[in-house]
Amino acid sequence: MATHEAACSCGQLAVELEGDPVRASVCHCLACQRRTGSTYGFQARWPVESSRITGEAREYRRVSDDGDEERRFYFCPECGATVYYFTDPEFIAIPVGVLGEPDFPPPSVSVYESRKHAWVTLPDGAQHHH
């Protein structure tokens, strides 16, 4: 079984993940653009029970772009990197960049495409949600 290790920039906050993710997706919402400082967020989700969190985290809460659900983001209080978050109580979402795996599989789902930058292209076969 595959093991993945997510960590912040300074290494103080980490998440060990067992198995493969259930989904990898990109989100083009404005909140993800602001949170990442990029044109989209790229994240993968695992069942919560397959994760083990170590280190100290601070929480940031916000309401989704749809205005219907609260999102809880956890970041390192030392370096500020977001290492995990929850959009659903059953799954932990991990920003793919904190995994440090350049060969991580491409996203299979793309959401909030109404806010996608025109030059961003997605892998063939990805599901598209506006």
Side-chain angles (χ1 to χ4, degrees):
M1 180 178 289
T3 300
H4 302 271
E5 178 82 20
C8 64
S9 297
C10 71
Q12 185 278 136
L13 179 60
V15 182
E16 184 177 292
L17 303 142
E18 290 295 327
D20 293 324
V22 296
R23 174 176 131 165
S25 61
V26 291
C27 180
H28 306 277
C29 79
L30 298 178
C32 279
Q33 290 182 38
R34 289 183 178 116
R35 178 180 56 80
T36 64
S38 185
T39 55
Y40 54 85
F42 179 21
Q43 57 279 325
R45 295 179 186 178
W46 279 262
V48 169
E49 64 271 8
S50 68
S51 65
R52 187 173 65 84
I53 300 165
T54 56
E56 181 185 349
R58 295 263 164 74
E59 181 184 69
Y60 169 69
R61 292 178 182 232
R62 70 166 178 85
V63 175
S64 72
D65 273 17
D66 288 338
D68 61 346
E69 293 182 38
E70 184 175 72
R71 310 289 195 226
R72 297 175 302 142
F73 296 84
Y74 294 86
F75 62 94
C76 174
E78 297 298 319
C79 67
T82 300
V83 177
Y84 61 98
Y85 57 96
F86 298 97
T87 60
D88 178 311
E90 296 178 20
F91 297 100
I92 186 169
I94 306 292
V96 171
V98 300
L99 292 168
E101 297 180 22
D103 59 343
F104 196 85
S108 60
V109 177
S110 175
V111 298
Y112 286 103
E113 288 192 350
S114 61
R115 297 180 177 126
K116 181 173 75 67
H117 289 240
W119 57 266
V120 172
T121 59
L122 297 162
D124 290 338
Q127 296 175 17
H128 303 275
H129 303 275
H130 296 282

Subject >> Test applied, side chain to side chain contact (heavy atoms under 4.5 Å, CB included); reference residue, C8; option that passes from T82, V15, V98, V83 >> reply: V83

Subject >> S110 OG to H130 NE2 distance, which is reported to the nearest 0.5 Å >> reply: 8.5 Å

**OP:** Give, for atom OH of Y74 and atom CG of L13, the distance between the pair rounded to the nearest 0.5 Å.
**Re:** 11.5 Å

**OP:** Determine whether F73 and F42 fall in the same hydrophobic cluster, where Ile, Leu, Val, Met, Phe, Trp and Tyr are linked whenever their side-chain heavy atoms lie under 4.5 Å apart.
**Re:** no

Original post:
Taking all atoms of both residues into account, what is the closest heavy-atom pair of F91 and V22, and its distance?
Top reply: CE2-CG2, 3.6 Å

**OP:** Kindly indicate whether a cation-pi arrangement holds for R35 with Y60, taking the cut-offs as under 6.0 Å to the six-membered ring centre and within 45° of the axis.
**Re:** no

**OP:** Decide yes or no for L122 and E113: does some side-chain heavy atom of the first lie under 4.5 Å from some side-chain heavy atom of the second?
**Re:** yes

Original post:
Would a 4.5 Å heavy-atom cut-off, applied to side chains only, mark R115 and C32 as touching?
Top reply: no

Original post:
Side chains of T39 and K116: closer than 4.5 Å at any heavy-atom pair?
Top reply: no

Original post:
Shared ILVMFWY cluster between V48 and Y84, side chains joined below 4.5 angstrom?
Top reply: yes

Subject >> Residue pair E56 / P77, side-chain heavy-atom distance below 4.5 Å >> reply: yes

**OP:** Could you tell me whether the side chain of I92 reaches within less than 4.5 Å of the side chain of I53, counting heavy atoms only?
**Re:** yes

Subject >> Crowding at OH, Y40 (>12 non-hydrogen neighbours, <6.0 Å) >> reply: no

Original post:
Same cluster or not: are V109 and W46 linked, directly or through other Ile, Leu, Val, Met, Phe, Trp or Tyr residues, by side-chain heavy atoms under 4.5 angstrom apart?
Top reply: no

Original post:
Can you find a pair of side-chain heavy atoms, one from R52 and one from T54, that are under 4.5 Å apart?
Top reply: yes

**OP:** Would you kindly say whether S25 and Q43 are connected by a side-chain donor-acceptor distance under 3.5 Å?
**Re:** yes

**OP:** Applying side-chain contact (heavy atoms from CB on, under 4.5 Å), run through T87 and R45 and close with a yes or a no.
**Re:** CA-CA 10 Å; T87 60; R45 295 179 186 178; 3.4 Å; yes

**OP:** List the steps and the verdict of side-chain contact (heavy atoms from CB on, under 4.5 Å) for H4 and D20.
**Re:** CA-CA 8 Å; H4 302 271; D20 293 324; 4.0 Å; yes

Subject >> salt_bridge(E70, R72) N-O dist < 4.0 Å >> reply: no

Original post:
Does the side chain of Y85 come within less than 4.5 Å of P95's, by heavy atoms?
Top reply: yes

